[in-house]
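Have a look at the structure below, then the notes.
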Amino acid sequence: MNKGEKHRAPRSIAIYVHIPFCLHKCGYCDFNSYALDTLLEKDHAGQDWAASYTDVVIQEIAGRCANLSLSGRPVESVFFGGGTPSLFPVEETARILDTIRRSFTPSASTEITLEANPGASDVERFAALREAGFNRLSIGVQSFDDETLRRLDRIHTGDDARAAFRSARQAGFSNVSLDLMFGIPFQSPEQAKTDIESALVLAPEHLSAYELTIEPGTHFGALHSRGELAGLPNEETALAMWEMRDRLLSEAGYERYEISNFARPGYCCRHNLNYWKRGEYLGIGAGAHSLIGDRRFWNHARPDVYAKEAKDPAAGEENITNKRKALGESLMLGLRLREGVSLREVSERCGTDPEEKYGELFFNLEKKGLLERSNGNIRLTHRGTLLANRILAEFL
Ligand code: SF4
């Protein structure tokens with residue numbers, strides 16, 4: 001330890017808690033989530049499945065704190081994601097949050113988010129979550145159009161989504177995010193526009209609006225590979241939807257701070273910002289991933305296997321001591337942000353000069369109008385953002 005390090009305060013971490021249960025599996029979903037009736041009711045017959053899962057999560061928190069010397073670390077953000085965390089009994093959610101509070105050092109300003117789905121979102125539940133300490137909700141709306149929701153296999157309606165938002169406000173949440181999706185089979189550009197406008201009527205503090213991607217291993221993926229998924233927009237229509245989304249949200253005063261994320265001033269999602277800036281995060285729960293120091297590790301995905309291996313639920317681990325790999329990851333994640341990446345900061349953090357490995361790629365992207373530089377920063381241009389998936393893959 002050198003002199004400077006001696007007095008350095010421990011860095012904050014972000015904590016993610018995965019609640020992998022849903023009422024039903026949506027056709028496009030590649031998240032680690034399980035419909036309750038297909039997995040848990042069989043495996044936990046006669047037991048309180050939520051209390052059992054909570055016990056394992058609490059056991060994991062204690063183990064990680066001890067083994068990774070994380071006890072007492074300041075916490076920038078806590079995020080309960082899924083799955084459908086709003087489906088989980090509030091008393092169990094609160095028990096996990098209390099354990100996090102006692103094990104780490106959150107502050108009054110720590111962002112504490114819970115993902116909610118319309119349909120598992122009444123005022124009483126939200127009020128109890130607020131009481132437990134949550135200060136941000138992220139509601140999975142996807143669309144306000146009932147026919148579009150049905151095509152996505154969602155089990156709520158547009159009115160349920162509006163009701164969930166109103167419940168959040170009534171329960172006292174002043175920081176609410178809505179998730180929308182576009183590029184859905186048979187969705188017209190006008191319908192995609194109506195979805196954005198319907199979200200804007202509610203005036204959330206934050207909006208995520210993603211283009212639907214067809215992932216292998218999902219029901220949609222299987223249909224697509226057999227050529228049976230009809231109605232997907234062509235590239236030109238999808239690009240028009242991207243442009244429309246950016247224009248409408250910008251006109252309404254939302255800043256696009258990441259490729260698919262928009263916020264009113266002061267309401268960017270701090271939890272995800274930490275991830276895109278490649279900060280440290282601890283993932284707790286089935287299938288959760290962590291990055292602590294140079295170590296990346298991930299838990300068993302299936303909740304029953306995760307529970308059996310509760311003492312050490314890691315299913316795999318990677319030591320990222322290769323500076324070039326850390327550099328590629330930092331650029332790939334950081335270029336998702338509107339502010340881009342400071343080459344000096346990345347160079348200091350990764351211990352290697354980005355120009356050495358990627359100078360030629362930067363130059364070529366700049367020449368094509370996909371990347372711009374200013375004051376030692378690089379960032380994607382508007383055109384580069386539209387082609388982000390292809391460009392960012394070059395840093396892997
Ligand atoms: S509600 Fe969300 S996590 Fe659950 S199956 Fe649908 S998309 Fe996946």
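Note that ligands are numbered from 1 as they come in the structure, with each ligand's atoms numbered from 1 the same way. This chain uses plain numbering: 1 for the first residue, then up along the sequence.
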Please say whether more than 12 non-hydrogen atoms of neighbouring residues, nucleotides or ligands are located less than 6.0 Å from NZ in Lys193.
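Open.
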Is the number of heavy atoms from other residues, nucleotides or ligands within 6.0 Å of NE2 (His224) greater than 12?
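No, the 6.0 Å shell around NE2 holds no more than 12 heavy atoms from other groups.
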[atom]: the protein heavy-atom neighbour that sits closest, reported with distance to 0.1 Å:
atom                    : answer
atom 6 (Fe) of ligand 1 : Cys26 SG, 2.4 Å
atom 8 (Fe) of ligand 1 : Cys29 SG, 2.3 Å
atom 7 (S) of ligand 1  : Tyr28 OH, 3.4 Å
atom 3 (S) of ligand 1  : Gly83 N, 3.3 Å
atom 1 (S) of ligand 1  : Asn117 ND2, 3.1 Å

Could you tell me whether Asp153 approaches ligand 1 through its side chain, its backbone, both or neither, with non-hydrogen atoms closer than 4.0 Å?
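For Asp153, there is no contact with ligand 1 at all, from either part.
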Note: Glu366-Arg373 ion pair, threshold 4.0 Å (strictly below):
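Yes.
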Counting heavy atoms only, name the option from His24, Gln142, Glu115, Arg154 that's nearest to atom 2 (Fe) of ligand 1.
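Among His24, Gln142, Glu115, Arg154, the closest heavy atom to atom 2 (Fe) of ligand 1 comes from Arg154.
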What class does the angle between the rings of Phe173 and Phe126 fall in, given that below 30° is parallel, 30 to 60° is tilted and above 60° is perpendicular?
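The rings of Phe173 and Phe126 stand perpendicular, inter-plane angle above 60°.
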2.8 Å cut-off met by an N, O or S atom of Cys22 to atom 4 (Fe) of ligand 1
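An N, O or S atom of Cys22 is closer than 2.8 Å to atom 4 (Fe) of ligand 1, so yes.
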Under 4.0 angstrom from ligand 1, any heavy atom of Gly140?
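No.
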Run the ring-centre check on Phe80 versus Tyr16 and record whether the distance is less than 6.0 Å.
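That pair fails the under 6.0 Å test.
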Before we go on, tell me: are the rings of Trp49 and Phe88 under 6.0 Å apart, centre to centre?
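Distance test on ring centres: under 6.0 Å, yes.
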Which one of Asp98, Ile19, Leu114, Val17 satisfies the side-chain contact (heavy atoms from CB on, under 4.5 Å) criterion with Thr93?
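Single side-chain contact (heavy atoms from CB on, under 4.5 Å) partner of Thr93 among Asp98, Ile19, Leu114, Val17: Leu114.
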